[in-house]
Amino acid sequence: MGPNWVAFKTLFTSLDLDVVVPDPTNREAIKIGVKQSPEFVCFPFKATIGDFVNAIEKGADTLVMAIDCGPCRFGFYASVQERILKDMGYKNITLIPLDQADLLEFHWVKTLQEVSGRRDLFIYSKFVKAIIFFIKKAKLLNDIQTAEGIFRAYERNQGDTTTIVNNLLTKLDEANTLPILRNFKKVIKEDFNSLDIDKNRSPLKVGVSGEIHISLEPYVNLDIRRKLGEMQIEIHQSISLYDWVVHKFHLNYHRKWYGHLSRPYLPMDIGGEAQWVLGEYIDKAQAGFDGFVHEYPFLCMPEVTARTIITNKLKKIYDLPIIYFSFDEQSGMEGFRTRLEAFSDLMHARRNKEIQSNAKFVSNGNKKIYPHYGDVFYNECYQMIQS
Ligand code: SF4
């Protein structure tokens with residue numbers, strides 16, 4: 001899932017294992033996944049089959065796949081994928097499931113024992129180190145994502161933000177001591193501070209949310225974050241690997257808040273991110289955002305349910321423009337770009353109308369004043385841009 005290989009790599013190298021990082025998801029991987037998977041299965045299943053085949057061809061003999069108790073098809077991914085890979089002739093691979101239904105049940109310790117092949121007492125100190133490094137790197141990836149979402153909307157030279165992000169990922173991958181990781185937030189800030197920006201811009205603010213695999217993997221979502229940023233749109237995406245892990249440790253308070261907001265419309269977790277997408281839509285509408293992007297895989301039942309609730313209920317209560325993108329192997333760039341441009345025009349027209357009818361905005365030089373929104377790191381980035 002996008003840059004998150006950096007955190008997963010550190011989890012297993014800390015256990016003295018050789019890690020084979022598959023190539024970034026690509027056309028070839030998707031082709032293999034589509035050919036080998038049942039036609040009706042959801043798209044992330046196909047994409048991960050392709051990634052697994054790539055890793056096996058590069059020398060991996062053990063695969064680790066997250067599993068859950070459902071409630072959607074994700075509960076069956078690992079066992080079906082293992083059978084498909086064995087049917088393809090990869091008889092000697094071992095697929096180890098990583099139970100992430102509730103991380104406080106500590107089933108993941110068993111998985112780490114199984115992957116490391118050790119059960120002696122000494123290995124536990126390595127588990128602790130592996131988990132600390134994994135969580136720290138996941139948090140830093142989250143910070144890079146936050147900074148990228150805001151800075152790209154201000155960059156003068158298209159592509160500079162992407163270069164900074166790629167350099168930071170290399171540096172983070174090479175950072176393998178606690179003091180370096182503790183200092184890494186400073187490195188992120190310094191690198192983004194070197195970006196040539198136009199601070200006089202007033203970008204539109206858009207919330208991006210949806211199914212986790214589609215939201216985090218740029219190849220399958222046609223690099224939507226980058227496209228929006230290059231259209232000078234500021235992105236707020238709370239979903240990340242870190243966000244998910246903290247949620248599974250029951251410590252994610254903004255997810256609890258989204259769950260609270262969505263409860264009248266969807267009182268239970270039906271899989272995917274459906275429940276939190278609804279809450280996030282309401283939250284962003286209340287925060288005065290200009291738009292919302294909901295992305296999900298074609299045939300994803302929970303996200304389609306969320307879409308229906310937004311269309312039939314929430315849109316009638318909250319006036320926040322929304323665009324839906326359903327991705328699969330057939331997704332094409334041109335129609336996608338045209339729809340994004342039309343959405344951007346709509347948001348600009350809406351904001352201009354809002355400014356004209358609001359004396360407070362007119363006195364601010366025809367600029368919309370956005371209420372305070374974002375976490376501590378977001379606000380630090382924002383101050384860097386303002387200064
Ligand atoms: S969340 Fe959607 S895409 Fe993911 S496994 Fe469930 S149904 Fe499939």
Side-chain angles (χ1 to χ4, degrees), residues 1-2 4 8 25 29-30 32-52 63-85 95 97-103 208-222 224 237-248 252 255 258-259 262 265-281 292-311 322-331 336:
M1 296 194 296
N4 296 302
F8 284 110
T25 305
I30 299 293
I32 295 171
V34 169
K35 190 171 165 204
Q36 302 298 337
S37 310
E39 190 192 348
F40 52 83
V41 79
C42 31
F43 189 48
F45 181 101
K46 300 175 183 174
T48 38
I49 280 273
D51 291 339
F52 278 152
L63 308 168
V64 181
M65 179 67 192
I67 57 163
D68 212 322
C69 58
C72 63
R73 278 175 281 197
F74 186 58
F76 298 99
Y77 268 31
S79 46
V80 180
Q81 285 177 329
E82 185 177 18
R83 285 181 67 167
I84 289 177
L85 290 169
L95 194 144
L98 171 61
D99 186 351
Q100 45 110 64
D102 183 348
L103 295 181
V208 178
S209 191
E211 190 273 338
I212 189 165
H213 178 268
I214 291 287
S215 300
L216 299 185
E217 172 48 55
Y219 185 81
V220 297
N221 66 28
L222 304 181
I224 190 166
Q237 180 179 329
S238 66
I239 190 161
S240 68
L241 172 66
Y242 178 74
D243 182 75
W244 184 249
V245 172
V246 178
H247 165 62
K248 290 295 184 178
N252 192 330
R255 268 201 188 233
Y258 293 158
S262 65
Y265 310 99
L266 189 61
M268 65 177 91
D269 178 10
I270 57 165
E273 304 290 320
Q275 211 184 11
W276 301 286
V277 166
L278 297 182
E280 200 164 0
Y281 177 80
F292 194 84
V293 177
H294 181 204
E295 47 187 344
Y296 54 89
F298 182 57
L299 289 179
C300 173
M301 178 275 295
E303 300 296 334
V304 172
T305 308
R307 174 185 171 150
T308 313
I309 295 174
I310 294 175
T311 314
I322 181 165
I323 189 164
Y324 306 97
F325 285 107
S326 144
F327 292 105
D328 69 356
E329 66 275 13
Q330 311 286 352
S331 305
F336 167 74

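Atoms within each ligand, like the ligands themselves, are counted from 1 in listed order. What you are looking at is a predicted structure, and each value in this text was computed from that prediction instead of being measured.
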Are the aromatic rings of H294 and Y296 close, with centres under 6.0 Å apart?
-> yes
Ring centres of F43 and F298 under 6.0 Å apart?
-> no
Protein residue, atom and distance nearest to [atom], heavy-atom basis:
atom                    : result
atom 7 (S) of ligand 1  : P302 CD, 3.6 Å
atom 2 (Fe) of ligand 1 : C300 SG, 2.3 Å
atom 6 (Fe) of ligand 1 : C72 SG, 2.3 Å

At a 4.0 Å cut-off, with the gap strictly under it, does some heavy atom of [X] reach an atom of ligand 1?
X    : result
E211 : yes
F43  : no
G271 : no

Enumerate the atoms of ligand 1 whose separation from the nearest heavy atom of G272 is less than 4.0 angstrom.
-> 1 (S)
Taking only non-hydrogen atoms of F74 and a 4.0 Å limit, the atoms of ligand 1 in range are 5 (S)
Given that the side chain starts at C-beta and the backbone is N, CA, C, O, which of these parts of P297 lies under 4.0 Å from ligand 1, counting heavy atoms, or is it both or neither?
-> side chain
Output yes when K248 and D102 qualify as a salt bridge under the 4.0 Å nitrogen-oxygen rule, no when they do not.
-> no
Can we say K46 and E39 salt-bridge, meaning some charged N sits less than 4.0 Å from an Asp/Glu carboxylate O?
-> no
Spatial distance of atom CG (L278) from atom CG (L266) [nearest 0.5 Å] | 5.5 Å
Whether C42 has an N, O or S atom under 2.8 Å from atom 2 (Fe) of ligand 1 | no
Under the side-chain hydrogen bond (donor to acceptor under 3.5 Å, both in side chains) rule, what do D243 and S238 come out as? Steps first, then yes or no, please.
-> CA-CA 7 Å; D243 182 75; S238 66; 4.9 Å; no
Plane angle bin for F325 and F327 - parallel if under 30°, tilted between 30 and 60°, otherwise perpendicular | parallel
